[in-house]
Amino acid sequence: MSLVEIKNLEHRYGNHTVLAGLNLTLEEGEIIGLLGPNGVGKTTLMKILCGLIQNYDGSVLVDGQPIGVHSKSVISYLPERTYFRKSENVKSAIGMFRDFYKDFDEKKAVEMAMDLKLDSKQKIGTMSKGMQEKLQLVFVMSRKAKLFVLDEPMGGVDPTTRDYILTTILNQYTENSSILLSTHLVHDVEQIFDRAVFLKQGRVLLNEQVDVLRAETGMSIDQYFREVYR
């Protein structure tokens, strides 16, 4: 059984078609780059997987079941924008996640927060955008999920933190879980990808293992990206 099975997925915003009969299958134990320029449907696809968009046509199965209570329990989602209450501090937010998610590893979250030099007493509303993104990563990657869905996890962080994020991603996933990662920083991230999924005009343009793609094209994933979308 595949971890994700999507058939003929369609979604529209008003008269604008975002996903146009998209088909995609993802297996366990892979780090998958979800690639494409703005507007091809990456964030929409991720939100549908996470149950945040429900008005779509087609079939979406996660861990063998339709989107619902079970799929939400096995997916850990990092949205492009932070969602914390400004009055919370790091310590209280960790407590909230501990109570909300059965698979949340509080010890790991505390250790990651310390590694990233986040003050446990600082209110989130006083943090910079980069600090909030670090904190969001802490919570998402401290769960024992089957599918980690990461939407631009490194957009607003410095190179040192970017390296820490990549290491965290590599250490987190197992043969029983997968990571779906959307990014525009293809050059900086492609070394961790097992597979690349390219979207174009609301469909999957290519879904291929990165080693095969490099061998067949003689290009890096970043070079291929620039070639496809120039």
Side-chain angles (χ1 to χ4, degrees), residues 1-13 18-20 22-36 38-85 93 96-105 109 132-156 165 168-169 172-174 176-184 189 193 195 197 199 202-204 207:
M1 180 180 68
S2 300
L3 182 57
V4 173
E5 293 183 73
I6 299 173
K7 296 180 181 178
N8 301 317
L9 179 61
E10 296 187 2
H11 177 71
R12 298 173 184 82
Y13 287 119
V18 182
L19 301 176
L22 182 145
N23 295 287
L24 180 63
T25 299
L26 302 177
E27 305 297 337
E28 295 179 344
E30 291 189 320
I31 300 177
I32 304 122
L34 184 64
L35 308 176
N38 291 334
V40 297
K42 301 188 300 297
T43 294
T44 298
L45 174 58
M46 288 180 156
K47 286 183 175 180
I48 288 173
L49 282 172
C50 297
L52 299 176
I53 294 176
Q54 300 175 346
N55 59 324
Y56 60 84
D57 296 317
S59 172
V60 182
L61 299 178
V62 174
D63 201 30
Q65 297 191 32
I67 303 301
V69 174
H70 177 72
S71 66
K72 291 180 181 179
S73 73
V74 300
I75 291 177
S76 189
Y77 175 49
L78 180 78
E80 188 175 10
R81 293 180 177 85
T82 58
Y83 52 81
F84 297 116
R85 289 183 296 184
M96 181 183 67
F97 265 69
R98 178 196 61 218
D99 296 339
F100 198 77
Y101 294 107
K102 293 180 180 179
D103 62 356
F104 183 70
D105 187 336
Q132 290 185 32
E133 289 182 351
K134 291 177 185 179
L135 182 60
Q136 194 164 253
L137 177 81
V138 166
F139 292 131
V140 170
M141 300 308 292
S142 293
R143 289 183 57 199
K144 298 180 178 68
K146 280 196 170 184
L147 178 62
F148 295 88
V149 177
L150 312 180
D151 193 357
E152 295 290 345
M154 290 162 287
I165 292 173
T168 300
I169 290 171
Q172 181 68 19
Y173 96 108
T174 68
N176 298 318
S177 65
S178 286
I179 295 173
L180 182 64
L181 190 157
S182 169
T183 183
H184 288 100
V189 184
F193 291 157
R195 178 174 295 276
V197 175
L199 299 188
R203 296 183 175 90
V204 174
N207 177 7

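- The aromatic rings of F139 and F104 lie tilted to each other, with the angle between the two planes from 30° to 60°.
- Between L199 and G41, the closest heavy-atom pair is CD1-C, 4.0 Å.
- Between Y56 and L22 the shortest side-chain heavy-atom distance does not fall below 4.5 Å.
- Heavy atoms only, all atoms of each residue included: K146 and D63 are closest at NZ-OD1, 3.0 Å.
- In this structure, L24 and L45 approach most closely via the heavy-atom pair CD2-CD2, 4.3 Å.
- Going from atom CD1 of I75 over to atom CG of L3 covers 8.0 Å, rounded to the nearest 0.5 Å.
- At least one side-chain heavy atom of V204 sits less than 4.5 Å from a side-chain heavy atom of V197.
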Exercise for review: Could you give me the CA-CA distance, side-chain angles and deciding distance for L49 and V60, then say whether side chain to side chain contact (heavy atoms under 4.5 Å, CB included) is met?
Suggested key: CA-CA 7 Å; L49 282 172; V60 182; 3.9 Å; yes

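- A donor-acceptor pair is defined here as one N or O able to donate and one able to accept, closer than 3.5 Å; no such pair exists between the side chain of R143 and the backbone of Y77.
- The only member of L35, L150, V149, D151 that meets side-chain contact (heavy atoms from CB on, under 4.5 Å) when paired with L181 is L150.
- Within the 3.5 Å criterion, the main-chain N or O of P79 finds a donor-acceptor partner in the side chain of Q136.
- To the nearest 0.5 Å, the span separating CD1 on I32 from CG on L147 amounts to 7.0 Å.
- Between the CZ atom of R12 and the CG atom of L19 there is a distance of 10.0 Å, given to the nearest 0.5 Å.
- Smallest separation of non-hydrogen atoms from H70 and V62: CD2-O, 4.2 Å.
- Judged by distance alone, the side chain of S178 and the main-chain N or O of G29 form a donor-acceptor pair under 3.5 Å.
- With a 4.5 Å cut-off on side-chain heavy atoms, L180 and V4 do not count as touching.
- For the pair E133 and L137, the minimum side-chain heavy-atom distance is 4.5 Å or more.
- Looking at N23 and K7, their side chains come closer than 4.5 Å, going by heavy atoms from C-beta outward.
- For the pair T183/E152, a side-chain contact is recorded, criterion being any heavy-atom separation below 4.5 Å from C-beta on.
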Point to revise | Pair H184-N38, side chain to side chain contact (heavy atoms under 4.5 Å, CB included): steps then yes or no | key: CA-CA 9 Å; H184 288 100; N38 291 334; 3.1 Å; yes

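- One finds the OG1 atom of T25 at 9.5 Å from the CG atom of L61 (value rounded to the nearest 0.5 Å).
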Practice item. Could you go through the salt bridge (Lys or Arg N to Asp or Glu O under 4.0 Å) check for K144 and D105 one step at a time? Key: CA-CA 8 Å; K144 298 180 178 68; D105 187 336; 3.6 Å; yes

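- Nearest approach of S76 to V140, heavy atoms of both residues: OG-O, 2.8 Å.
- A distance-only check finds no donor-acceptor pair linking the side chain of Q65 to the backbone of S71 [under 3.5 Å].
- No donor-acceptor distance shorter than 3.5 angstrom exists from the side chain of K42 to the backbone of L34, with no hydrogens or angles considered.
- Here the shortest heavy-atom pairing between Q54 and G51 reads NE2-O, 3.6 Å.
- In this structure, T168 OG1 and I179 CD1 are separated by 9.5 Å, a value rounded to the nearest 0.5 Å.
- Using the six-membered ring where Trp is involved, Y13 and H11 have ring planes that are perpendicular, over 60° apart on the 30 and 60° scheme.
- The line from CD1 of I31 to CD1 of I169 is 7.0 Å long, rounded to the nearest 0.5 Å.
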